[in-house]
Protein chains: 2
Amino acid sequence: MPLAHNRTGPLLKKLRTLMSNRKYVPESIQAYIVPSGDAHQSEYIAPCDCRRAFISGFNGSAGTAVITTDKAALWTDGRYFLQAEKQLDENWILMKDGQPNTPTQADWLAKELPVGGKVGVDPCLISAEAWSPLKKNLLSSGHSIIAVPINLIDLVWEDQPPPPLNPLLTLTEKYTGISWQDKIQKIREKMQTKKCGALVISALDEIAYLFNLRGSDIEYNPVFFAYAVVTLDNIFLFIDDQKLDAEVKHHLQLNGTDSAIQVTSYDKVGEVIKNLVDQVEGKFWISPKCSVALTQCVEKTRLFAQTSPVAVMKAVKNDTEIQGMRSAHIKDAVTLCELFSWLEKQIPTGSVTEISAADKLEEIKGEQEDFISLSFATISSTGPNAAIIHYKPTEESDTVLSTDEIYLCDSGGQYKDGTTDVTRTIHFGSPSNHEKECYTRVLKGHIALASIIFPNETKGHMLDTLARTSLWEVGLDYAHGTGHGVGAFLNVHEGPCGISPRVSAAEIPLEVGMILSDEPGYYEDGKFGVRIENLVLVVKAETKFNFRNKGFLTFEPITLVPMQLKMVVPSLLTEKEISWLNEYHTQCREVVGPELKRQGKKEAYEWLMRETQSIG
Amino acid sequence: MPLAHNRTGPLLKKLRTLMSNRKYVPESIQAYIVPSGDAHQSEYIAPCDCRRAFISGFNGSAGTAVITTDKAALWTDGRYFLQAEKQLDENWILMKDGQPNTPTQADWLAKELPVGGKVGVDPCLISAEAWSPLKKNLLSSGHSIIAVPINLIDLVWEDQPPPPLNPLLTLTEKYTGISWQDKIQKIREKMQTKKCGALVISALDEIAYLFNLRGSDIEYNPVFFAYAVVTLDNIFLFIDDQKLDAEVKHHLQLNGTDSAIQVTSYDKVGEVIKNLVDQVEGKFWISPKCSVALTQCVEKTRLFAQTSPVAVMKAVKNDTEIQGMRSAHIKDAVTLCELFSWLEKQIPTGSVTEISAADKLEEIKGEQEDFISLSFATISSTGPNAAIIHYKPTEESDTVLSTDEIYLCDSGGQYKDGTTDVTRTIHFGSPSNHEKECYTRVLKGHIALASIIFPNETKGHMLDTLARTSLWEVGLDYAHGTGHGVGAFLNVHEGPCGISPRVSAAEIPLEVGMILSDEPGYYEDGKFGVRIENLVLVVKAETKFNFRNKGFLTFEPITLVPMQLKMVVPSLLTEKEISWLNEYHTQCREVVGPELKRQGKKEAYEWLMRETQSIG
């Protein structure tokens with residue numbers, strides 16, 4: 001269905017009028033930047049925040065629109081070039097990020113703007129760490145950046161959906177292992193060691209984590225819109241009070257004036273921070289990932305701009321969370337064994353498509369205890385579609401699964417006890433030798449990372465290469481990171497740790513209790529894709545020596561789903577790799593087998609037993 | 001020989017008087033920082049620049065002194081704790097960098113200074129990239145940093161040596177492969193792509209490289225004191241003209257008024273840059289490693305603060321340089337084969353010490369064609385001394401070599417055709433099983449890095465872990481990086497590339513023609529040390545596939561000295577590792593063997609043949 005001709009023309013015209021209307025902008029601006037995110041710098045956003053998609057027509061997950069007085073340009077990355085070309089109308093220039101001739105936004109603006117140009121942006125939608133280099137780049141070409149407090153897209157967006165007001169879910173210590181009061185206590189101790197009198201929290205998963213609450217304001221992400229500020233004496237929660245039903249109020253101990261928590265309206269956060277500056281001693285801890293709007297409430301000399309301590313605390317799972325994550329992964333393994341054994345029978349009949357397979361999986365997951373929702377849209381992809389890393393089948397692309405092609409399934413669930421994320425690549429017929437070689441090399445990379453022993457203080461970026469060397473050996477590679485942090489009944493992607501060649505300033509060393517994905521892949525454009533993903537838990541390693549008492553760590557898989565042996569070329573594996581694989585499959589049998597039996601899933605049980613035989 | 005009691009007392013007293021004397025400081029300062037480096041941020045410095053050693057008494061290669069009105073503190077790292085404790089007198093507090101309770105300089109100053117304290121530093125001796133965070137940290141505790149143009153240490157240093165005025169050596173294209181004029185041309189092209197009208201060069205090795213000149217102003221480093229500024233039309237060389245003899249003048253084509261190069265007095269560099277700001281269009285390219293003094297000659301909006309293009313060009317060796325480096329390494333291998341075969345005979349007699357072995361090596365090297373000097377002080381170390389990573393034998397520590405202990409020899413030479421740096425670890429008796437296991441694991445790490453195939457655009461930090469995994473497997477590690485860039489008849493340590501877990505902002509991807517060291521190690525405090533170091537050249541790899549036409553690279557050893565097989569536990573090596581070792585030894589035989597014969601070094605030749613037999 002082609003988009004309406006010139007759909008964005010009238011919208012851009014309205015927007016440009018606003019850009020010089022002093023009622024809405026502090027001074028006339030010659031360009032307006034529309035970032036992808038929301039005021040919490042969320043990776044996934046609610047419909048009311050899809051401003052860049054609204055103004056440009058392009059609805060991929062990553063992209064930035066920049067509108068000048070006579071041009072409009074959209075920057076996005078390689079995953080979305082095709083989609084953006086289709087979706088942008090004639091008013092838009094597509095800027096292909098990462099292509100050698102694509103200018104940066106600042107470089108493009110430097111050319112397009114009149115001398116001394118002013119570039120506006122909503123300070124709520126841009127993080128402090130993104131603002132600074134942009135400001136510097138614009139300055140160096142004689143232009144400047146202006147915070148425009150009123151969002152201009154909202155003014156032209158007539159049928160903008162209202163912000164979600166979904167009910168909250170309270171989590172007891174059975175799931176969290178620690179009360180929110182104790183979490184606050186620990187955070188305050190951290191604040192004191194850094195001489196901070198206040199901590200501003202804007203990341204939605206950090207707020208959900210801190211208060212042992214969950215929501216559903218953003219699809220797949222069990223979070224809710226709120227801000228929080230913790231001082232050494234007070235706790236401020238900025239939230240629409242319609243969300244606070246009796247149970248939530250009881251959970252938060254909101255007993256009128258005696259409450260530890262002061263509930264305040266969501267949009268009062270900036271005002272309260274500004275007032276606190278005079279009342280609170282010490283620094284204000286505000287993550288560089290927070291918006292410029294919040295950061296600028298505090299003068300620079302009072303700012304402590306480091307990764308939020310809540311993000312760090314959340315990344316290290318406690319025993320209850322680990323137990324919950326394990327339990328969720330057993331249930332999740334049950335659903336995948338069931339899906340794959342079912343697919344094995346159905347695919348030869350030609351009756352299953354990518355979408356119907358994904359639907360079937362969601363249906364099966366729904367039967368599991370404490371299942372809440374998927375943790376992301378299932379990537380159910382076959383043949384060439386599996387080579388598209390972030391593929392999600394649409395009605396147009398939906399393809400019948402067959403015994404001739406590889407099937408790649410990347411799926412995950414939100415359970416009340418944990419979040420899962422697993423990818424398996426399966427051939428239901430006879431894979432080619434080339435497909436098998438690629439799969440085996442990806443598997444070697446997966447095992448190399450999964451079995452590595454490394455010292456304390458190691459950061460994730462130091463481990464990424466291990467997952468690639470077997471592919472590099474023959475001139476192959478994959479164009480994504482190897483691992484991301486995963487929340488405990490929280491976002492399927494969470495920081496601050498990850499395993500990637502990119503180095504992030506926020507990155508902290510890996511430590512016992514962190515849970516990350518291990519997901520190398522290989523994608524042959526137009527042909528097939530392979531990815532093998534487990535979630536792995538950082539655990540203490542037992543080593544013969546202990547250099548300078550550093551202590552050594554390793555990973556333990558918590559995902560327990562067979563890796564298809566049919567795809568493996570055993571001669572490419574070392575003895576150690578074969579042992580790892582056999583031990584892993586034994587663990588799948590021993591842990592998931594009984595649960596399949598308990599749930600009476602006989603066919604899936606038989607499938608599991610067959611798929612987990614020893615090789616070598 | 002203990003240091004004189006309270007030697008620094010009178011010096012500190014004088015210095016403190018100067019700190020409040022408005023004749024020397026722009027305003028009264030309450031603290032003065034004395035960094036280690038010189039005005040070119042050199043790693044190794046000339047005697048006239050050893051200001052921190054002069055004021056503190058501590059003469060290790062790394063350390064910063066901070067003097068307040070009533071205290072004096074010295075920060076240094078773990079390599080130097082013992083030495084600093086011995087050398088500092090009672091006026092000094094030792095600050096052990098990297099220890100949990102050691103405050104940063106800024107934190108310590110924050111406590112020691114009165115409200116609104118001023119901290120002075122010589123802006124020539126601190127780089128822009130070190131100045132900014134220090135300024136920020138001091139500001140955040142209400143203090144400020146002041147550039148003090150007159151160096152206060154020089155004022156109290158009565159017998160400060162004069163700056164060296166050693167003669168220069170001109171290099172023809174036989175050694176450099178390219179004229180200085182063509183280098184300037186390439187640099188100007190780079191400047192134009194970055195819209196830069198001027199490039200300021202302050203790193204001594206960059207100036208030596210650019211003009212195809214060498215010097216000897218700093219021991220082991222064939223460089224000379226100078227600055228250079230290249231604009232699109234002019235070349236300014238700031239140098240003491242006593243250094244310019246007839247040959248150098250001819251080389252630089254200094255023909256009076258027609259010269260392409262304007263020779264200007266060394267200390268006029270700042271003044272000339274300030275004048276150029278109005279005369280030159282475009283930005284001023286000044287590396288963040290340049291001093292604050294130079295950087296502040298240019299207003300911020302005109303500054304292009306990126307790694308110098310000369311550093312990048314210098315890192316990528318051309319064919320002539322590669323040929324020269326190979327040739328230097330063959331000569332260098334000859335000297336090591338000769339040393340080790342000699343040691344094998346002499347050590348059992350008890351007549352060789354660490355120093356006499358090092359002296360012998362220097363003597364042997366001196367016989368090789370085009371040998372200029374050592375490229376660093378030979379680390380000739382046995383037993384426990386070999387566990388000290390940067391050990392240099394002194395008269396006090398000098399130990400007799402024996403057949404009971406490991407001998408570690410890290411040495412290098414400056415030859416007119418190239419620079420070498422090689423470490424071999426040898427046992428002249430019977431190594432213990434533990435020593436052999438450690439050696440073998442270090443060797444596995446060396447081979448893992450040496451044989452890795454990796455895609456274009458890979459940065460060195462992504463490869464460091466490969467050299468460690470075999471040690472990590474049993475809980476071992478080493479506390480230094482794995483590789484550094486090496487100059488072609490230039491500094492033995494050069495940037496911007498390296499192989500280390502640390503990520504540097506200046507780092508650029510590895511590319512064909514770069515030469516780096518591959519030197520994993522293992523050090524058991526008080527017992528022994530192992531390091532195996534080759535220089536390796538980045539070359540194109542032949543791979544079965546070529547993912548997205550990225551192109552793949554690998555390393556080729558240019559150091560050709562046997563690795564002691566007696567120290568190897570073959571059962572710990574994989575088949576691939578054994579093949580690599582056998583092929584490497586075959587290459588040593590085939591390349592170095594004939595040269596040993598040609599030079600009539602029969603015993604060394606026999607030693608080489610015996611030490612390079614195939615295993616497995």
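Below, chain A is the first sequence line, B the second, and so on; all start at residue 1.
- The 12-atom threshold is exceeded at CD of E189(A), counting heavy atoms of other residues, nucleotides or ligands nearer than 6.0 Å.
- Using a 4.5 Å cut-off between heavy atoms, I452(A) contacts chain B through its side chain alone, with no backbone atom that close.
- Both the backbone and the side chain of D477(A) have a heavy atom closer than 4.5 Å to some heavy atom of chain B.
- If you take CG on L466(B) and OG1 on T465(A), they are separated by 6.0 Å, rounding to the nearest 0.5 Å.
- Around atom CD of E457(B), no more than 12 heavy atoms belonging to other residues, nucleotides or ligands sit under 6.0 Å away.
- Between F545(B) and H434(A), the two ring planes are tilted [angle within 30° to 60°].
- Only the side chain of K550(A) comes within contact range of chain B, with heavy atoms under 4.5 Å apart.
- In this structure, the portion of E437(A) lying under 4.5 Å from any heavy atom of chain B is its side chain and not its backbone.
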* To do: Kindly indicate, with the supporting measurements, whether the criterion side chain to side chain contact (heavy atoms under 4.5 Å, CB included) is fulfilled by K544(A) and L476(B).
  => CA-CA 9 Å; K544(A) 188 162 138 193; L476(B) 301 180; over 6 Å; no
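- Other residues, nucleotides and ligands contribute at most 12 non-hydrogen atoms within 6.0 Å of the CD atom of E575(A).
- Annotation: maximal heavy-atom pairing with chain A below 4.5 Å, among K459(B), M462(B), R548(B), occurs at M462(B).
- Within the 4.5 angstrom heavy-atom criterion, only side-chain atoms of Y522(A), from C-beta onward, approach chain B.
- Residue contact with chain B, scored on non-hydrogen atoms closer than 4.5 Å, involves the side chain of F552(A) exclusively.
- Note on K576(A) versus E473(B): salt bridge recorded, some NZ/NE/NH1/NH2 to OD/OE distance being below 4.0 Å.
- Proximity to chain B is absent for every atom of R468(A), based on heavy atoms less than 4.5 angstrom apart.
- Interface summary for chain B: among T301(A), V474(A), L303(A), the most heavy-atom pairs under 4.5 angstrom belong to V474(A).
- The OG1 atom of T554(A) lies 11.5 Å from the CH2 atom of W472(B); values are rounded to the nearest 0.5 Å.
- Only the side chain of V503(A) has a heavy atom closer than 4.5 Å to any heavy atom of chain B.
- Comparing P501(B), S141(B), S140(B), P455(B) by how many heavy-atom pairs each has under 4.5 Å with chain A, the most go to P455(B).
- In this structure, the portion of K283(A) lying under 4.5 Å from any heavy atom of chain B is its side chain and not its backbone.
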